Amino acid sequence: MSLGTARHDAILSVIRWRSESPAINYLEKSAEQLFGENVFNEEQTRKRLPKDIFRRLQRTINVGEPLSPEIADVVASAMKEWAIERGATHYTHWFHPLTGLTAEKHDSFISPSSNGRAIMEFSGSALIQGEPDASSFPSGGIRATFEARGYTAWDCTSPAFIRENPNGTVLCIPTAFASWTGEALDKKTPLLRSEDALSVQSLRVLSLLGDGSGISRVYTTVGAEQEYFLIDSHFYFSRPDLVTCGRTLLGARPPKGQQLEDHYFGAIPQRVLACMLEVERDLYRLGVPVKTRHNEVAPGQYEIAPTFERANIAADHQMLTMSTLDRVARKYGMHCLLHEKPFAGVNGSGKHTNWSMSTNTGVNLLEPGDTPHDNMVFLVFLCAVIAAVDQYAPLIRASIASPGNDHRLGANEAPPAILSIFLGDQLTEALQSIVTGKSASKRAATLKLGVTTLPHLPRHFGDRNRTSPFAFTGNKFEFRAVGASSSIAWPVTVLNTVVADSLSRIADELTEETGKQPTPAKVRDAVAKVVKRIYNEHGRIIFNGDNYSQAWQDEAASRGLPNIRNSVDALTGMHSKEYIALFDRHGVLNKREFESRYHIKLERYNTTLAIEAATLASMARTVILPAALRYQCEVAEAIAATEAAGRQCEHESQLLDEVVSLVTELRNRIRELEAMLAREHKGVEAHGQAIRDEIIPAMAALRQCCDRLESVVADDLWPLPTYREMLFIK
Ligand code: ADP
Ligand code: MG
């Protein structure tokens, strides 16, 4: 059976594919046996390193003790032996340049020997430091191309791992990436620095609360839930927009979208489940603790989430999760779309980033706990987050700005562009009661209150809110506005830094209030005072209602909360003296490093949009217009033939009029967009503004014209896979 077009052939190929899915031998090893198999983890280092070297390495990993170079040779040699046993011929320093992707340059262990043969070599210095050519990575002005030198430096806190290929394996060493001046050119370095900053300020606060003993480090813990779409590769390759931009730039809405809400948590289709199972096995082997999988809201949309880990490792593992999804999906004849909004009219994809702080002794600082004393620690850290999110809302908003995320934020879909915090009614009332000194409601009646004592907090927070961009979910915050395709490193860096800043102010206040001889009563009073101040100054950021409603937009405006609707505004707002000083103060980024990130972000935004606009213009001109003209011809011929046969054809004439006028409009809109794209702009800001004010509206108008044609032109002449096909044929 052939229906005639490439599009229909693609559909048939999908059907054929379904019976041919490859399979893994899942009985070969259990998940438990697989877990961490490809990681040079603690178990391996303990087994392979001399005891004292092992202990010194662990101290560096766990409490940040400096790494002495002499242990590097020993570690390198053990790592090499392990990697070779697992089939490795090469190693690479694996890093996170500011492209938002990962990068690697492979070197072989092979070194020729004098007898005409070769030996396998890997020295401590090759482990510690690499020197990739940095000139082709974005540096935002930190380094001119002629100063091409960049260094990668071993991050021993994130374990090395093996990446497999059917024809061999590679040892991957997580590294930081910096210029020869020592300035960070990557996403890992600031993340590590921000973890340090948060730890330093948290320890100050804990010790003032009388809770510092035995605690030497505070970690940020992160678990990121990844949403993604899977569509068949035949459709993917038939759509220039998906191949080039990762999203559809045009396409009429299907009669059935997600209205029936029948996809969420529904049965996972066979081929998709097969793919997920293989993704998970690969991730287990890399030590990524993936935990949950399910269907998401939109048709063709799914989610994978891990158990939380320390931020730096979580960020590395998140990059591995994205690349594994991408690679394995292809094996199953599908493409994984990580874009924030691959299809208009159905839900987009986010990456809910769960975030908390934990001591090295394993205490979650955002755990309300059972006793007032725990509550005191909890309340202080909770208030630190509340103050930080309110004070630095525009910076946090900018941290998740991207071309893709603009389609989610503020588009009446989770979550809105106004940053606010969901605490739940009970917790909000508990805070209010501290401020007013009165029990607020019956529900909170169990709270024991007074000026100098702090309340017992309810243990379980029953209420949930799906619409908040930043929700407290029992013992952690869930930052829901992060985009599906972005690295979590930068948003987490920003969170760590702003919370560190707010903790530092709290530590100053507590010091001043409690004086030289703090007593438990003085500390409690001081904490109550801090809670009051923060609630009064920053309570406006708390909102427990429906964040999608127009009422909230109005309410937020009256509270003075910023509503930053697009990336150009968000990124421009990031470039401020206050934020530069903030990052500098905590040693996370110096001025040049910060400004380079601003520049790169805006430039990448502009470039992405320019590529999208050019792709749309070219598809409209070379794919849609010819199809429309063919159809126009067919209708005109039908009219001529009908009239020649002596019949009237009023309806066909109307149809012809409609097609002709749409084709005329299409041509005009293409020309208009092309003219805009040809214009030069002075500087990234001006370019960004032109995109925001001219190009995006022109793209929307052109798309609308294409989509109207899709609903008119004969189906067998329509050249692109439709939404219905891409989303529903699996
Ligand atoms: P829900 O979204 O329903 O609250 P979970 O409680 O399972 O789901 O948590 C979702 C994500 O939050 C998981 O990745 C989980 O590991 C992570 N998470 C749980 N506790 C913490 C924590 N203390 N710090 C960071 N992430 C956490
Ligand atoms: Mg969640």
Side-chain angles (χ1 to χ4, degrees), residues 35 191 194-195 198-199 202 215 217-228 264-265 276 279-280 283-284 286-297 301-322 324-325 347 349-369 374 377-378 381-382 384-385 388-389 414-415 421-424 426-427 457 459-482 484 487-489 491-496 499 544 547:
F35 196 86
L191 176 59
S194 74
E195 289 191 78
L198 185 74
S199 179
S202 302
I215 299 173
R217 175 93 194 170
V218 168
Y219 300 117
T220 319
T221 51
V222 174
E225 310 164 37
Q226 175 75 57
E227 292 178 334
Y228 60 96
Y264 191 58
F265 280 21
M276 286 177 172
V279 166
E280 286 163 2
L283 289 173
Y284 290 155
L286 291 166
V288 182
V290 280
K291 185 85 175 159
T292 60
R293 65 168 97 102
H294 60 82
N295 279 2
E296 259 303 330
V297 175
Q301 192 188 29
Y302 311 94
E303 182 182 294
I304 180 170
T307 301
F308 66 94
E309 301 176 276
R310 279 159 60 174
N312 174 39
I313 296 175
D316 282 358
H317 282 170
Q318 222 292 303
M319 298 309 284
L320 289 176
T321 302
M322 288 197 284
T324 304
L325 279 168
N347 258 40
S349 301
K351 184 141 54 197
H352 294 181
T353 301
N354 296 272
W355 177 96
S356 188
M357 296 161 279
S358 161
T359 65
N360 61 317
T361 53
V363 178
N364 179 353
L365 296 170
L366 290 177
E367 178 69 57
D374 293 339
V377 171
F378 165 72
F381 280 84
L382 179 77
V385 179
V389 173
I421 294 180
F422 169 82
L423 281 189
Q426 289 171 302
L427 196 50
L457 294 170
R459 194 89 176 88
H460 297 287
F461 301 95
D463 35 5
R464 282 225 151 208
N465 178 323
R466 291 256 145 237
T467 66
S468 175
F470 204 93
F472 185 70
T473 48
N475 59 5
K476 63 185 189 286
F477 278 98
E478 184 170 345
F479 185 17
R480 302 210 180 104
V482 181
S487 154
I488 58 171
V492 171
T493 300
V494 169
L495 273 187
N496 289 348
V499 174
N544 298 327
N547 291 70

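Each ligand, and each atom within it, is numbered from 1 in the order the structure gives. Only this structure's heavy atoms are used, side chains among them; waters, hydrogens and symmetry mates stay out. Please read all numbers here as calculations on a predicted model, not as lab measurements.
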| said: If the cut-off is 4.0 Å to any non-hydrogen atom of P306, which atoms of ligand 1 fall inside it? | reply: 13 (C), 14 (O), 15 (C), 16 (O)
| field | Proximal atoms of ligand 1 relative to T307 (non-hydrogen, under 4.0 Å) | value | 16 (O)
| Is the shortest N/O to N/O distance between W355 and ligand 1 below 3.5 Å? | no
| task | Report yes if N354 has an N/O atom closer than 3.5 Å to an N/O atom of ligand 1; otherwise report no. | result | yes
| Which value, rounded to the nearest 0.5 Å, describes the distance between S202 atom OG and R217 atom CZ? | 9.5 Å
| By side-chain hydrogen bond (donor to acceptor under 3.5 Å, both in side chains), which residues pair with T292, not counting sequence neighbours? | none
| request: Look only at interatomic distance and state if F308 has a nitrogen or oxygen under 3.5 Å from any nitrogen or oxygen of ligand 1. | output: yes
| said: Under the criterion side chain to side chain contact (heavy atoms under 4.5 Å, CB included), I'd like the reasoning laid out for F477 against V499: C-alpha separation, chi angles, the key distance, then a yes or no. | reply: CA-CA 12 Å; F477 278 98; V499 174; over 6 Å; no
| field | Validation row: F472, L366 side chains within 4.5 angstrom (heavy atoms) | value | yes
| When you check the side-chain N and O atoms of N354 and E225, is any donor under 3.5 Å from an acceptor? | yes
| message | Taking a cutoff of less than 4.0 Å between a non-hydrogen atom of the residue and any ligand atom, is H352 in contact with ligand 1? | response | no
| message | Distance under 4.0 Å to a non-hydrogen atom of E225: what atoms of ligand 1 satisfy this? | response | 2 (O), 10 (C), 11 (C)
| Heavy-atom check, side chain of T324 versus side chain of V288, under 4.5 Å | no
| said: Which of the numbered atoms in ligand 1 are under 4.0 angstrom from any heavy atom belonging to E478? | reply: 2 (O)
| task | Give the atoms of ligand 1, by number and element, whose distance to some non-hydrogen atom of N364 is under 4.0 Å. | result | 23 (N)
| Side-chain contact, heavy-atom cut-off 4.5 Å: T321 with Y228? | no
